[in-house]
Q: 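I have a structure here, written as structure tokens, and I will follow up with some questions on it.
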Protein chains: 2
Amino acid sequence: MSVRETNKQRTRHALANAAVDLFTQRGYDAVTMADVAESAGVSRRTAFRYFASKDDLLMEYPLSWLPLFDEAVERHGDLPLPDRLRAASHAIAAHIEVDPEPVKRAMAIALSQPALAARYAAVARQWIDRIATEIAGEPPESPEEAVRTRVLASAVMGMIDTTLELWAAGDEPMSPLLDVGFDLLDGAFTQARQSKVELR
Amino acid sequence: MSVRETNKQRTRHALANAAVDLFTQRGYDAVTMADVAESAGVSRRTAFRYFASKDDLLMEYPLSWLPLFDEAVERHGDLPLPDRLRAASHAIAAHIEVDPEPVKRAMAIALSQPALAARYAAVARQWIDRIATEIAGEPPESPEEAVRTRVLASAVMGMIDTTLELWAAGDEPMSPLLDVGFDLLDGAFTQARQSKVELR
DNA sequence: CAGAAAGTGGCACTGAGTGTAAAATTCGAG
DNA sequence: CTCGAATTTTACACTCAGTGCCACTTTCTG
């Protein structure tokens with residue numbers, strides 16, 4: 001990796017870390033972008049070049065999981081849909097639990113601020129679209145089909161979302177919680193398949 | 001109603017209407033709070049007293065539906081859960097379709113701006129919590145129960161959400177679309193009940 | 001009608017976010 | 001290694017959202 005890329009990555013991490021630290025110490029509102037920038041040893045303007053907004057500083061994790069999800073889904077392409085989603089989720093869980101603390105801290109901050117929770121919800125929506133794509137296989141042809149796939153995707157996301165929240169607030173490992181959720185969903189998937197929802 | 005209340009309500013509507021008009025004409029970003037205030041014949045400061053933030057100007061509708069939902073759910077308290085939710089949704093649909101145009105315009109603006117979509121998602125989350133409460137009857141006692149109810153609530157909300165989007169983008173009435181969604185969900189509910197999820 | 005209560009307007013301030021142009025750093029070619 | 005090109009950082013200035021404060025006006029109550 002070139003010097004430039006290395007530096008950029010270091011700066012990016014420095015900013016995200018400084019942000020989580022400062023937010024945890026003083027609270028989100030009491031920390032300005034200038035504070036974060038200074039703490040990371042960089043100018044305010046540069047901080048904004050790395051993170052387009054203050055709350056983006058806390059979206060590092062959920063956004064970085066999206067490609068992991070895609071990759072894992074790809075890797076388990078031979079499994080039936082529900083198992084594929086389950087496997088992908090476990091892959092992300094494993095990745096998170098290598099170093100879960102910063103994730104938990106970031107989530108604690110995000111969930112305490114309505115504005116940030118909104119941002120999280122928006123990211124979740126991206127996830128829903130991704131999952132819906134995975135469920136449908138291709139773009140829906142009728143409104144009914146669109147509703148059906150999005151309903152399933154929302155259910156999956158709602159489960160993941162709740163699981164993440166419970167996990168972040170507690171001390172248990174994530175995988176068993178995930179399995180509880182997926183076990184429940186499996187039933188719904190079966191039902192959906194019987195209702196002629198197309199599953200790959 | 002007292003003069004004071006009447007005036008407040010008029011101002012509130014003037015602001016919300018001016019906002020939707022201006023946003024539609026020039027786009028959300030190109031309109032400042034000062035523009036909206038002026039157009040509604042009120043000072044900037046006062047505008048912020050009615051709407052705590054610029055994007056709140058577009059959350060009038062979804063937020064106003066929450067009490068309707070509660071009320072309708074209450075009114076149909078004798079129906080089993082799925083039918084209760086369905087009836088409440090139809091009640092809201094009926095209310096919306098009295099004058100659907102402003103709702104559609106507001107939604108079109110909101111969905112075109114990522115920041116606003118996030119705000120919408122946050123409102124949806126409030127809905128999910130409300131629905132989850134309705135599903136569970138009382139606060140969950142175990143993590144597993146929390147996951148189960150939130151999954152169902154997310155599914156319901158995902159359905160409603162998608163239905164709203166489809167409806168706002170098209171010309172069909174909302175009720176048939178809603179029924180497609182609820183028919184699909186009924187299956188999921190049945191399944192859930194068999195898995196020992198407590199339903200009132 | 002007078003005084004209290006509620007609402008409005010004006011002003012000044014903080015902080016997020018952005019355009020721009022000059023200065024600094026990194027890169028690639030010879 | 002060195003020079004010029006490309007990329008990145010910085011400083012500065014600006015707009016606008018959002019808030020605290022206080023004087024002013026409107027509405028309510030007795």
Side-chain angles (χ1 to χ4, degrees), chain A residues 1-16 18-20 22-23 25-60 63 109-110 112-120 122, chain B residues 1-16 18-20 22-23 25-60 63 109-110 112-120 122:
Chain A
M1 188 165 8
S2 72
V3 175
R4 240 169 223 172
E5 282 175 84
T6 312
N7 286 347
K8 284 213 281 189
Q9 214 159 323
R10 185 179 35 233
T11 302
R12 190 174 183 84
H13 285 143
L15 283 167
V20 174
L22 292 178
F23 292 161
Q25 279 170 36
R26 295 188 231 158
Y28 183 76
D29 287 333
V31 176
T32 71
M33 203 66 169
D35 294 335
V36 176
E38 191 189 5
S39 172
V42 110
S43 80
R44 197 182 89 100
R45 192 62 184 84
T46 297
F48 271 114
R49 211 164 264 122
Y50 280 86
F51 295 91
S53 68
K54 189 181 168 185
D55 46 47
D56 273 353
L57 285 164
L58 287 169
M59 298 299 138
E60 271 294 86
L63 287 175
I109 300 162
S112 69
Q113 293 286 333
L116 291 173
R119 197 74 178 55
Y120 251 73
Chain B
M1 189 169 2
S2 72
V3 174
R4 235 170 226 170
E5 282 174 85
T6 312
N7 287 346
K8 283 213 284 188
Q9 215 158 322
R10 183 176 40 230
T11 303
R12 193 174 181 83
H13 285 143
L15 283 167
V20 174
L22 292 177
F23 292 162
Q25 279 170 36
R26 295 187 231 159
Y28 182 78
D29 287 332
V31 176
T32 71
M33 203 63 170
D35 295 335
V36 176
E38 191 189 4
S39 172
V42 110
S43 80
R44 196 181 92 98
R45 192 63 187 83
T46 297
F48 271 114
R49 228 169 246 127
Y50 280 86
F51 295 90
S53 68
K54 188 180 168 185
D55 45 47
D56 272 354
L57 285 164
L58 287 170
M59 297 300 139
E60 271 293 87
L63 287 175
I109 300 161
S112 70
Q113 293 285 334
L116 291 174
R119 198 70 178 58
Y120 250 73

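The figures here come from the full heavy-atom set of this structure, side chains too, leaving out hydrogens, waters and symmetry mates. Chain letters run A, B, ... following the sequence lines, proteins first and then strands; every chain starts at 1.
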Q: Over how many whole Å does the gap from B/Arg44 atom CZ to D/dG20 atom C1' extend?
A: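 Those two atoms, CZ and C1', are 13 Å apart.
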
Q: Got a sec, which residues hit side chain to side chain contact (heavy atoms under 4.5 Å, CB included) with A/Ser2, two or more places apart in sequence or on another chain?
A: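 With sequence neighbours excluded, A/Ser2 shows a side chain to side chain contact (heavy atoms under 4.5 Å, CB included) to A/Arg4, A/Glu5, given in chain and number order.
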
Q: To the nearest 0.5 Å, what is the distance between OH (A/Tyr120) and CG (A/Asp55)?
A: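 Rounded to the nearest 0.5 Å, the OH-CG separation comes to 11.0 Å.
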
Q: Using whole Å, report how far CZ of B/Arg119 lies from P of D/dA17.
A: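 Whole-Å distance recorded here is 15 Å.
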
Q: Quick one: which residue pairs count as a salt bridge (charged side-chain N to carboxylate O under 4.0 Å, His left out) with a foot in residues 33-54 of chain B, not counting sequence neighbours?
A: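 Listed by first then second residue: B/Arg26-B/Asp35.
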
Q: Which pair of heavy atoms, one from A/Ala16 and one from A/Glu60, lies closest together, and at what distance?
A: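 Smallest interatomic distance, heavy atoms only, reads CB-CG, 4.1 Å.
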
Q: So what's the dot-bracket for DNA chain C: Watson-Crick or G-U pairs under 3.5 Å, [ ] if a pair crosses, | if it pairs off-strand?
A: ||||||||||||||||||||||||||||||

Q: Under the rule for side chain to side chain contact (heavy atoms under 4.5 Å, CB included), what residues qualify as partners of A/Asp56, not counting sequence neighbours?
A: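 With neighbours one apart ignored, the set is A/Phe51, A/Ala52, A/Ser53, A/Met59, A/Arg119.
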
Q: Under 4.0 Å from OP1 or OP2 of C/dG7: is there any side-chain N or O of B/Tyr50 that close?
A: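 Checking B/Tyr50 against C/dG7: no side-chain N or O falls below 4.0 Å of OP1 or OP2.
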
Q: Give me the atom names and distance for the closest heavy-atom approach of B/Thr11 to B/Val42.
A: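 Result for this residue pair: CG2-CG2, 4.0 Å.
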
Q: Take atom NZ of B/Lys54 and atom P of C/dG17, then tell me their distance rounded to the nearest Å.
A: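 Computing the B/Lys54:NZ to C/dG17:P distance gives 13 Å.
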
Q: Please give, in whole Å, the distance from D/dT7 C1' to A/Gln9 CD?
A: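 Interatomic distance, CD of A/Gln9 to C1' of D/dT7: 17 Å.
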
Q: What integer distance in Å separates B/Glu38:CD from C/dT8:P?
A: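 Result: 18 Å.
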
Q: Within the 4.5 Å heavy-atom criterion, are B/Leu58 and B/Phe23 side-chain neighbours or not?
A: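 Yes - at least one pair of side-chain heavy atoms lies under 4.5 Å apart.
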
Q: Got B/Asp29 and B/Gln113 here, is their nearest side-chain heavy-atom distance under 4.5 Å?
A: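 Answer yes - side chains close enough.
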
Q: For residues 28-36 of chain A, which residues have at least one heavy atom under 4.0 Å from DNA chain C?
A: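 Close to the strand are A/Val31, A/Thr32, A/Met33.
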
Q: If you check the A/Thr46 side chain, which of C/dA12, C/dG17, D/dT10 turns out closest?
A: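 Nearest listed nucleotide: D/dT10.
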
Q: Expressed in angstrom and rounded to an integer, what is the separation of B/Asp56 atom CG from D/dT19 atom P?
A: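 Taking CG of B/Asp56 and P of D/dT19, I get 10 Å after rounding.
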
Q: Do you know the tightest heavy-atom contact between A/Ala18 and A/Val36?
A: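 Nearest pair, atom of A/Ala18 first, then A/Val36: CB-O, 4.1 Å.
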
Q: If I compare all heavy atoms of B/Leu116 with all of B/Ala110, which pair ends up nearest, and what's the gap?
A: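 Closest approach of B/Leu116 to B/Ala110: CB-O, 3.4 Å.
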
Q: CZ/B/Arg12 to CG/B/Leu57 distance, rounded to the nearest 0.5 angstrom?
A: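 Reported value, rounded in 0.5 Å steps: 9.0 Å.
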
Q: Is A/Arg10 close to A/Asn7 at the side-chain level, that is, under 4.5 Å between some pair of heavy atoms?
A: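 When only atoms from C-beta onward are counted, A/Arg10 and A/Asn7 do touch, with a gap below 4.5 Å.
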
Q: Using a 4.0 Å cut-off on protein heavy atoms (strictly under), produce a 5'-to-3' string for nucleotides 19-30 of chain C with B for base contact, S for backbone-only sugar-phosphate contact, and - for none.
A: BB----BBS---

Q: Given atom CG of B/Leu58 and atom P of D/dA17, what is their separation to the nearest angstrom?
A: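 Those two atoms, CG and P, are 13 Å apart.
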
Q: State whether B/Lys8 places a side-chain N or O below 4.0 Å from either non-bridging phosphate oxygen (OP1 or OP2) of C/dG7.
A: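 Yes.
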
Q: Grab the CZ-C1' distance between B/Arg12 and C/dT8 for me, whole Å please.
A: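 Between C1' of C/dT8 and CZ of B/Arg12: 16 Å.
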
Q: Does the side chain of A/Ser43 get closer than 4.0 angstrom to OP1 or OP2 of D/dT10 through an N or O atom?
A: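 Answer yes for this pair, as a side-chain N or O of A/Ser43 is under 4.0 Å from OP1 or OP2.
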
Q: For DNA chain D, whose closest nucleotide is more 5', that of A/Ala47 or that of B/Asp55?
A: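 Checking each residue's closest nucleotide, the 5'-ward one belongs to A/Ala47.
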
